[in-house]
Amino acid sequence: MDAYVEAPVVQEVSDPASDAFRTALQGAENSVRAGYGEVHADKWTPHVSLEGGTATLAYGHKLTDTENRTRVIKIDGQPVPIDRGLDETQAQALYDQDVKAAQDRLRRTWPGYDGLPDKYKNVLTNISFNIGAVRPDRWPSLSKAMDANDDVGVRKEMVTSYEDANGVRQRLSSRAQNIADAIGLGTGAN
């Protein structure tokens, strides 16, 4: 008998992950659907990460060292072997789980996160999803722009970056702008 659950279900991510934000973040994480159908038809398998290190799975799930070594991830607490591939339901559940983890991190690291307008929660969720822990002292200009309800300033300051496999810093400007547009962050243009 197989001890693995084939399609675990995670509760839908609650606000502030609106449908527009959800779609934009998924697109930012894997618009080309890398790893989909490459090994198994209609399944997601790990693919090479732009930033190097361990592989990425489905919608931006960077494998931990343990997941990479054991070739098993947990979705809704259930072990799922990644080399068999994830179906779309599992990929969506993993994505929701990762978004919730980003939001939970923010509740611990960004004072007043829950009191922010949804648009700023989404900005921070995007950043946390992409880089991990986010604190106001590490993002002072972003924090100041959000405190002032300055959407133009937030757009400018929400850009993240990564170091590619060759050690070159890459700014994710279009990712930030796509997220900002999806959540209705003002541009200052009349």
Q: Flag the pair His47 / Asn30 as yes when at least one side-chain heavy-atom distance between them is below 4.5 Å, and no otherwise.
A: yes
Q) Would you find a donor on one side and an acceptor on the other, under 3.5 Å apart, between the side chain of Asp87 and the backbone of Thr89? A) yes
Q) Do Val154 and Val123 come close enough that some side-chain heavy atom pair is under 4.5 Å? A) yes
Q) Are any side-chain N or O atoms of Asp150 and backbone N or O atoms of Val152, one a donor and one an acceptor, separated by less than 3.5 Å? A) yes
Q: Tell me, with the steps shown, if Leu124 and Gln103 meet side chain to side chain contact (heavy atoms under 4.5 Å, CB included).
A: CA-CA 8 Å; Leu124 291 172; Gln103 293 168 335; over 6 Å; no
**Q.** side-chain contact (heavy atoms from CB on, under 4.5 Å) involving Thr23 - partner list, sequence neighbours excluded
**A.** none
Q) Of all heavy-atom pairs between Ala24 and Asn178, which one has the smallest distance, and what is that distance? A) CB-O, 4.2 Å
Q.
Looking at every non-hydrogen atom in both residues, tell me the closest pair between Pro111 and Thr109 and how far apart they are.
A. CD-O, 3.4 Å
Q: Spell out, as yes or no, whether a donor-acceptor pair under 3.5 Å connects the side chain of Asp151 to the backbone of Gly186.
A: yes
Q. Residues two or more places apart in sequence or in another chain: which of them pass ring pair (Phe, Tyr, Trp, His ring centres under 6.0 Å) with Tyr59?
A. Trp44
Q. Is Asp65 salt-bridged to Arg69, cutoff N-O under 4.0 Å?
A. no
Q: Kindly compute the distance separating CZ (Arg155) from CD (Gln177), expressed to the nearest 0.5 Å.
A: 5.0 Å
Q: Output, in order, the C-alpha distance, side-chain angles, deciding distance and verdict of side chain to side chain contact (heavy atoms under 4.5 Å, CB included) for Lys74 and Val80.
A: CA-CA 6 Å; Lys74 287 197 175 182; Val80 178; over 6 Å; no
(Q) Can you give me the closest heavy-atom contact between Ala28 and Arg175, atom names plus distance? (A) CB-CG, 3.6 Å
Q | Reported CG-to-NZ distance for the pair Asp118 and Lys121, which is rounded to 0.5 angstrom | A | 5.0 Å
Q: Look up atom OG in Ser143 and atom CG in Asp147, then write down how far apart they are to the nearest 0.5 Å.
A: 4.5 Å
(Q) Quick check: closest heavy atoms across Ser49 and Ala55, and the distance to 0.1 Å? (A) OG-C, 3.4 Å
Q.
Would you say NZ of Lys156 has more than 12 non-hydrogen atoms from neighbouring residues, nucleotides or ligands within 6.0 angstrom?
A. no
Q | Which atom of Arg71 lies closest to which atom of Pro46, heavy atoms considered | A | NH2-CG, 3.8 Å
(Q) Looking only at the side chains, is there a donor atom on one of His61 and Glu67 sitting less than 3.5 Å from an acceptor on the other? (A) yes
**Q.** Distance, nearest 0.5 Å, that separates CG of Leu185 from NZ of Lys119
**A.** 6.0 Å
(Q) Could you walk me through whether Asp164 and Arg169 satisfy the salt bridge (Lys or Arg N to Asp or Glu O under 4.0 Å) test, starting with their C-alpha distance in whole Å, then the side-chain angles of each, then the deciding distance to 0.1 Å, before giving a yes or no? (A) CA-CA 6 Å; Asp164 69 19; Arg169 176 84 36 212; over 6 Å; no
**Q.** Under 3.5 Å side-chain donor-acceptor pair for Tyr113 and Thr125
**A.** yes
Q: Answer yes if the side chains of Arg105 and Ser128 hold a donor-acceptor pair under 3.5 Å, and no otherwise.
A: yes
Q. To the nearest 0.5 Å, how far apart are CD in Gln170 and OG in Ser161?
A. 9.0 Å
Q. So Leu94 and Leu57, side chain to side chain contact (heavy atoms under 4.5 Å, CB included) or not? Walk me through it.
A. CA-CA 9 Å; Leu94 180 60; Leu57 180 60; 4.0 Å; yes
**Q.** Any Leu86 side-chain heavy atom under 4.5 Å of Lys43 side chain
**A.** no
Q. Can any side-chain N or O of Glu38 pair as donor or acceptor with the backbone N or O of Gly35 at less than 3.5 Å?
A. yes
Q | Intermediate values then yes/no, salt bridge (Lys or Arg N to Asp or Glu O under 4.0 Å), Glu88 and Arg33 | A | CA-CA 11 Å; Glu88 186 62 27; Arg33 296 179 64 84; 3.7 Å; yes
Q) How far apart are the C-alpha atoms of Arg22 and Gln92, what are their side-chain angles, what is the distance that settles it, and do they pass the side chain to side chain contact (heavy atoms under 4.5 Å, CB included) test? A) CA-CA 10 Å; Arg22 177 187 178 83; Gln92 293 292 332; 2.3 Å; yes
Q | Hphob cluster co-occupancy, Ile131 + Tyr95, side-chain heavy atoms under 4.5 angstrom | A | yes
Q. Side chains of Asn126 and Phe21: closer than 4.5 Å at any heavy-atom pair?
A. yes
Q. Looking at Ile179, Leu142, Asn122, which hits side-chain contact (heavy atoms from CB on, under 4.5 Å) with Ile127?
A. Leu142
Q: Answer yes or no: is there an ion pair linking Asp104 with Arg107, defined by an N-O contact shorter than 4.0 Å?
A: yes
Q | Between CG on residue Asp98 and CZ on residue Phe129, distance to nearest 0.5 Å | A | 5.0 Å
Q) Is there a path of hydrophobic side-chain contacts, each under 4.5 Å between heavy atoms of I, L, V, M, F, W or Y residues, that connects Ile183 with Val159? A) no
Q) Where is the tightest heavy-atom contact between Gln90 and Gly85, given as atom of each residue plus distance? A) OE1-O, 4.0 Å
